[in-house]
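Below, chain A is the first sequence line, B the second, and so on; all start at residue 1. All values derive from a computational prediction rather than experimental measurement.
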Amino acid sequence: MGRSPCCEKAHTNKGAWTKEEDERLIAHIRVHGEGCWRSLPKADGLLRCGKSCRLRWINYLRPDLKRGNFSRDEEDLIIKLHSLLGNKWSLIAARLPGRTDNEIKNYWNTHIRRKLLSRGLDPAKHRPLATAVKEAGRRAREPSRPDLNLELCISPPYQEEQKKPAELGENMLGEKEGKCGGEFLRLGGGGLLDCRSLEGS
DNA sequence: AAGCTTCCCAACCGCAAGTAA
DNA sequence: CTTACTTGCGGTTGGGAAGCT
């Protein structure tokens, strides 16, 4: 695959976005919609590379973003999804409306990961650290095998076209607010981690 | 109050995948 | 089929805020 620099670095701003830049970006997307990130800055006179514009919009400016603290249910769901999907933050985010992959990744690294470690659990495998180490050794001796096809057991991600949870008084799992996504994930409480079990650590 | 440390999150970087020419 | 370009993803980092001494 060919690769090229995403932008002419000499002519672009870096670092924190100013209010004016935000407003320009929002105005542009209101008129033209999302997409064509590469040509967006040029079209709108923004001294930012397209990548940066896309990131700013997705992670911060999008109107449907929830922001604020993660609820216990969200945290629980993240742990469950992570145990199935691993570090596939975009897939996890697709199942948490209003949350971005970046936000979830940050939350995982700063909160959940630490909680799991302090309980002696391997955040990568969701198993006790000693077991995880043993298993790593055993796997090294075994022939490699493909991962489970998770798409088979996880329902499609939340999509904007679907009925909005707020309108239904339900979350994206089709459940009343306040429940985790066990059924949605076909987990059925099969012994996976529950964030509540980490409380008080 | 000042200096230091830790925490958190927005943003950057590099790579891979997708796709148009 | 190959190349060039764009988009999206995951890992990492910089710096401001908050907490501590």
Taking atom [atom2] of [N] as reference, at what distance in whole Å does atom [atom1] of [X] sit?
X       : N       : atom1 : atom2 : answer
E21(A)  : dA10(B) : CD    : P     : 16 Å
I58(A)  : dT7(C)  : CD1   : C1'   : 9 Å
L91(A)  : dG10(C) : CG    : P     : 7 Å
W57(A)  : dG8(C)  : CH2   : C1'   : 17 Å
N109(A) : dA10(B) : CG    : P     : 14 Å
K105(A) : dA10(B) : NZ    : P     : 12 Å
L25(A)  : dA11(B) : CG    : C1'   : 14 Å
I104(A) : dC9(C)  : CD1   : C1'   : 13 Å

* Assess R48(A) against W17(A): is NZ or CZ under 6.0 Å from the centre of the six-membered ring, and within 45 degrees of the ring's axis? => yes
Exercise. For the residue pair W89(A) and W108(A), categorise the inter-ring angle as parallel (less than 30°), tilted (30 to 60°) or perpendicular (more than 60°).
Key: tilted
Can you figure out which of [options] approaches the side chain of [X] most closely?
X       : options                  : value
N106(A) : dC12(B), dT7(C), dT12(C) : dT12(C)
S52(A)  : dA10(B), dC9(C), dC12(B) : dC12(B)
R48(A)  : dC8(B), dC12(B), dT7(C)  : dC12(B)
N87(A)  : dT7(C), dG11(C), dC12(B) : dG11(C)
S90(A)  : dC9(C), dA10(B), dC8(B)  : dC9(C)
T110(A) : dC8(B), dG8(C), dG11(C)  : dC8(B)

So, are E74(A) and R95(A) salt-bridged, with charged N and O less than 4.0 Å apart?
no
field: Salt-bridge present (E21(A), R56(A); N to O < 4.0 Å)
entry: no
Quick one: is [N] close enough that its OP1 or OP2 comes under 4.0 Å of any side-chain N or O from [X]?
X       : N      : answer
W89(A)  : dG8(C) : no
R114(A) : dC8(B) : yes
R54(A)  : dC9(C) : yes
R38(A)  : dT7(C) : no

Practice task
Check whether the side chain of K14(A) and the base of dG14(C) form a donor-acceptor pair under 3.5 Å.
Solution key: no
*Would you say the side chain of N59(A) and the base of dA11(B) hold a donor-acceptor pair, judged only by whether the two atoms sit under 3.5 Å apart?*
no
side-chain contact (heavy atoms from CB on, under 4.5 Å) test vs H126(A) passes for just one of I79(A), L84(A), L121(A), namely I79(A)
